[in-house]
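Presented below is the structure to which this report refers.
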Amino acid sequence: QVQLVESGGGSVQPGGSLRLSCTASGNIFEVYDMGWYRQAPGTQRELVAVFTKRGVIDIADSVKGRFTISRDDSKKAVYLQMDSLQPDDTAVYYCKAEIVAHDRDYMYLDVWGRGTLVTVTS
């Protein structure tokens, strides 16, 4: 079973920082694109940032200049450094990865983490 586990969420004041981590585990042959999504109360889930296998980064305009995505393939991990957090950043943040699993055969999977809550409030 392949899974993603997020960590690093919490409650901060406006202007504060958090660093989210996501690690993939299981019978993994290769991890392709990894990224972060978020869903705020009363809103649709939206893309925050993606870090592709070949190193291409795509980041949402709403967080550009404040958030930074990085990854460590040796750890099968992706990170999201969030600075200058604002109340509108309050959301559950989800990690997503494209993974080729290898059990009895190779399988291509889109895998989601269960989410980690980020709350930005005074």
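Quantities reported herein were computed from a predicted structural model and do not represent experimental measurements.
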Only one of Asp89, Thr90, Leu18 passes side chain to side chain contact (heavy atoms under 4.5 Å, CB included) with Val12, and that residue is Leu18

Checklist entry - Counting only heavy atoms not in Arg45, do more than 12 fall under 6.0 Å of its CZ? => result yes

Do Val31 and Val78 touch side chain to side chain, with heavy atoms closer than 4.5 Å? no

Contacts satisfying disulfide bond (SG atoms under 2.5 Å apart) that involve residues 21-109 (not counting sequence neighbours) are Cys22-Cys95

Same hydrophobic cluster for Val63 and Leu47, using side-chain heavy-atom links shorter than 4.5 Å among ILVMFWY? no

Is there a path from Tyr93 to Tyr79 through hydrophobic residues (I, L, V, M, F, W, Y) whose side chains come within less than 4.5 Å of each other?
no

hydrophobic_cluster_shared for Val50 and Trp36, side chain cutoff 4.5 Å
no

**Asked** Distance only, no hydrogens: is a donor on one side chain within 3.5 Å (strictly under) of an acceptor on the other, for Glu6 and Tyr94?
**Response** no

Review point. Shared ILVMFWY cluster between Trp112 and Val2, side chains joined below 4.5 angstrom?
Key: no

By side-chain hydrogen bond (donor to acceptor under 3.5 Å, both in side chains), Ser74 pairs with (sequence neighbours left out) Asp72

Q) In this structure, are over 12 heavy atoms from other groups packed under 6.0 Å from Lys96 atom NZ? A) yes

* Take the angle between the ring planes of Phe29 and Tyr106 and call it parallel below 30°, perpendicular above 60°, tilted in between. => perpendicular

query: Below 4.5 Å, heavy atoms only, C-beta onward: do Arg38 and Glu46 meet side chain to side chain?
result: yes

- prompt: Side chains of Asp33 and Thr52: do they bring a donor and an acceptor to under 3.5 Å?
  reply: no

Considering residues, nucleotides and ligands other than Lys75, do more than 12 of their heavy atoms fall under 6.0 Å from its NZ? no

### Query
With a 4.5 Å limit on heavy-atom distance, are the side chains of Gln81 and Ser17 in contact?
yes

### Message
Hydrophobic cluster membership, with links at side-chain heavy-atom distances under 4.5 Å among I/L/V/M/F/W/Y: are Ile57 and Val48 in one?
### Response
yes

Tightest non-hydrogen contact, residues Arg19 and Ser70, listed as NH2-OG, 4.3 Å

